[in-house]
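Report on the following structure.
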Amino acid sequence: MSYPFGFMDEYAKKEVRRGILKAIAIPGYQVPYSSREMPMGRGFGTGGLQLTLAAIGPNDTLKVIDQGSDDSVNAVNLRSFIEMTCPGIDTTASTEEADIIQSRHRIPEKPLSEDQLLVLQVPYPDALVVVEASEEKRKQMHSEADYSRLLVKLYEDIVKFGEITLSHRYPTRINGHYVIDPSPIPRWDVPRLHRAANLTLLGAGREKKIYAVPPYTAAEPLEFDDIPFRVEDFRDEHGHRRRCQRCSTDDSFLDEFINEEGDTVYQCSDSDYCNTRLLSASAIKERCLG
Amino acid sequence: MDKVLSVTGLGKCYGKGCPLCITATGPEHDTNLCPYCGTVVAAHDVSFDLHEGEILGIIGESGSGKSTAVKCLYFDDAPDSGEAVFHDGEQSHALFDLNAAQQRRLRNHRFSMVYQNPNLGLNFGISAGGNIAERLLMSDMLDYARIRKRVKELLSRTEVLPSRMDELPKNFSGGMQQRVQIAKALSTNPPLLFLDEVTTGLDLSVQAAILDLILEIQQELSTSMIVVTHDLGVIRSLTNRTLVMKYGRIIEAGLTDQVLEDPQHAYTQRLVASAL
Amino acid sequence: MNTHAILEVKNFSKLFFLHEQGKAIPSSHGVNIMVYPGKLTALTGPTGAGKSSVLNGIYRTYLPSSGEILYRRGNGEVIDLAMADEHSIIDLRRREIGFVTQFLRALPRQSTLDVVVQPLYRLGVDRQQARQQARDLLSALNLPERLWEISPATFSGGEKQRVNLARGLIAKPRLLLLDEPTASLDSNTAESVIDLLQQLKQQGIAMLAIFHHPELVTRLADEVVAIDSAAATENSIKENVL
C-alpha cells in the first residue's frame, strides 16, 4: 500500500494549510482544525507533524529535534517517518541548513532567518486552562484579552515564593493581544520568539489547535511593571556564568546532569549548537597549531 | 444630584410564558406563578431611578423579584423586557443594548457586587489579597508593589488585618469574608455598587459593624448603592429611599422613613408591624 | 403664596388607612399654617389633635392625604412638599429643612459627635471644621464633654434631647420643625435651648414648633395656630374614604 507525498491526502493538507494561514493572520489565536489520526500516538508530536507534512515540499531540508537533540528516540522516529513519506526531501542536523525545523521543548540557539520555518509540538495549547476549566469562557477571555486571572497566578507565585516559579510554558502575549502557551520551551527561549525573523507555527494534535507567531511579531511574557520577566540564571555560587563542559560556551541554555563520577555537570541543550562550537574551536586550534 | 441609573419596565420570566402570565400573577393574585402555563414571573414592570451618592433599598421576601432585578442590572441574568440606562460621567449606556463584551467591561470596571455568599464574590483558591489584586489587574494596574500597597490600604479600610492578606479566604470568619468582598468591590472605585443580602447569616454584632462600614464608605466615596435585603433593620440603617417588592412587582416606593413610619400598602404595613 | 412666608400649609389633612383592620384613622384635618423667616409659629391643640402629624407631613415622613404644603426654597422657587418627588425632598432635608423630634433616631454605634456632625458631612463641609462646629454646639447646649465620644443610646432623656437638637440645628436649616424640643429637659438646659432658638430667630431661621409648656408658646411664638381634635370629624372622613 502506498501513501501520497506527506502521508496526508491533499484535502487534509489543505485544511491544515488553511488553518496555518488563519493562524498567521491572527497572531496567537488558536485555530481549531480536524487533527487527523497519525500512525503514532497523540502526544508524540502529531500536531507538529501535521504542520510539517502540510508545509514540506520535495526540495526542502528538514531538521527534527527533541529537547535540543537530533538523536533522541522521538526525534529520530519523527524524522524517519517524514523521510519515508516525503520522498525527495533532505534531512539535516544543522540548524543553519534546515528549511523546516520541527522541535519539541526547545528553540534552536542560533537565530533563525526569514527563510526558515520553526514548528513546535504543543501538548496544551491554551494558557488559560490553568485558571479556567470552561473552554467557552476561555474563548471569551481570549477575545477580550482578559488575562487578569493569569496575572493573579503570577501574583500568587511572587507572594508565596518571592518570584515567578514557572519554568516552562510561560504565558506570552503575541502582538499585544492573545496570550499563548508557547509549548514547554524553557523561559530562556521566550525572548527569542520576540520579533524573530522566522515564522513559528505551533500545533497541538490531541487538542486540535494551530497557532502562530509570524515573523517580526511581538511576543512578550506576562510580567509586572516592577518585576520584569527573567530567564534562567546559569551562574554558580560565585556568580560566574556556567559553561558547557563540552564546548565551553557560556551563552547557551544548559542541561544539568550527573556524570559517571557523580559530579553535577552542565552541557548545551542544543546539540547542533554545541557541535558547531566544538568544530569551530578545533578549527581555530588547528589553524593556530598548523 | 445627577442620575446614575434609570430603570424602566424591567421584566423577567422563567418559563415558556403565555398571554395571561402578567394579568394572572402579582400581589393581588398572591402568586408569581402563572396558573395557566406555570411560568414564574420573577419581575414585571420594575422602574426606578438611582441618583449619585444615593443608597436605594429594595426589600421583599424570597421570590419577590428583588434579586432578579439586581441580577439583570449586574448582567448575571438577562431581562425579557425593559430598559436600564447607566449614566457614567459624560457617557450613557443602555445596559441591555450592549454586547456581552461591553457588559462585562462595565461589570469589571464600573460596577461591583457584594454577594450574600462569599463563595460567589471570592475565589477561595487564591489569597484574600489575590482576590483583590485580580480586580486591580483587570483595570491594568500592573505594578506589583503598587498592587500590594493598594490591597493593604483596602483591607485596612475594611478592617481586615493587612498581615492576613496572603491567607486564603476560607481561613476567615464569615464577617471577615464579607469585608474582603467589600474591599475587592471597592478596589476600582466603582460609581455603582450592588449589595445583595450582605449581612444575612452573620452574627448581629458583625452585621452592625458591616453596616457601619458600608455607611462610612458611602460617605467617603459617594458611591451609589442598591441594597437588596429582606431585613428592615438594614433598610433603616442604610437607605434614603426604599422599594418594596412582592411577587415580582414594586408595590410601594418612597422615602425610607416614610415607608417605615407611614406604609401605604397592606403588605408593607404587615411587614413593618411584624418587625416592630 | 404669601410673598413674606417661607411655608404655607393649606387645608392639610392626614389620615392613616390600616388595611389589617380595614380602618381609616384620621389624624389631622383642614390645617392651615403660615411660617415666616426669623419668626416662630407655634402649633397648639389638645393631645391627639394631630400636631405631630402636621410636622411629619411637612417633612414627608408621613404622606399627606390632602392639602398643599407650599415651601419657598432658598432660590425663590415655590415647591409643594405634599407632591414633591423624593429626590427633591432628600435634597431639601439635606440643605434647607431640619426636624427635631422628641425621639433620637441614630445608629446605635455612632458616637455623639459623629451623630451631630452627620448633616455637615453630607453637605461636604471640611471634616475638621465640621467637628469643631459640633463641639461648639454641644458645649452651648451644656452637654458634658465626657459624653461626646460615646453613643447617645445610653443617655438620659434630656441628654438625648440635646444631641437631637444639636443635630437638627447644626446645618442651620432655613426652616426648622420642632416637636417638643424641650420636653425632657431640666429648667437650666431648657433655658439654654430657648436662648439658642432666640438666636436662630435672629439669624432669620423660620420655625414651626410644638411646645409642651404653654409658657414657651408665650415666650417664643410670633404666630400661634390652634388646631382642633381631628377625631371630631372622624365620621365624615371615614365615609369619604370607605
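What you see is a predicted model; the values in this text were computed from it and never measured. Below, chains carry the letters A, B, ... as their sequence lines are ordered, and counting in each starts from 1.
For the side-chain hydrogen bond (donor to acceptor under 3.5 Å, both in side chains) test with B:Tyr14, the passing option among B:Thr68, B:Asp77, B:Thr39 is B:Asp77; the others fail.
For A:Tyr124, the OH atom is loosely surrounded, since the number of other residues' heavy atoms within 6.0 Å does not exceed 12. Residue B:Lys12 qualifies as enclosed at atom NZ: its count of foreign heavy atoms under 6.0 Å is above 12.
Counting only N and O atoms by type, the side chains of A:Asp126 and A:His142 include a donor and acceptor under 3.5 Å apart. No side-chain N or O of A:Ser183 forms a donor-acceptor pair with one of A:Gln121 less than 3.5 Å apart. Using modelled atom types and a 3.5 Å distance limit, the side chains of A:Tyr29 and A:Asn175 yield no donor-acceptor pair. Using a 3.5 Å distance cut-off with no hydrogens or angles, the side chains of A:Ser269 and A:Arg106 do pair a donor with an acceptor.
Both the backbone and the side chain of A:Leu151 come within contact range of chain B, each with at least one heavy atom under 4.5 Å from a heavy atom of that chain. Looking at B:Arg105, there are no atoms closer than 4.5 Å to chain A (heavy atoms on both sides), in backbone or side chain. For A:Leu222, no part sits under 4.5 Å from any heavy atom of chain B, backbone or side chain.
Residues from residues 134-157 of chain B that place a non-hydrogen atom less than 4.5 Å from a non-hydrogen atom of chain A comprise B:Glu134, B:Leu137, B:Met138, B:Leu142, B:Asp143, B:Tyr144, B:Ala145, B:Ile147, B:Arg148, given in numerical order.
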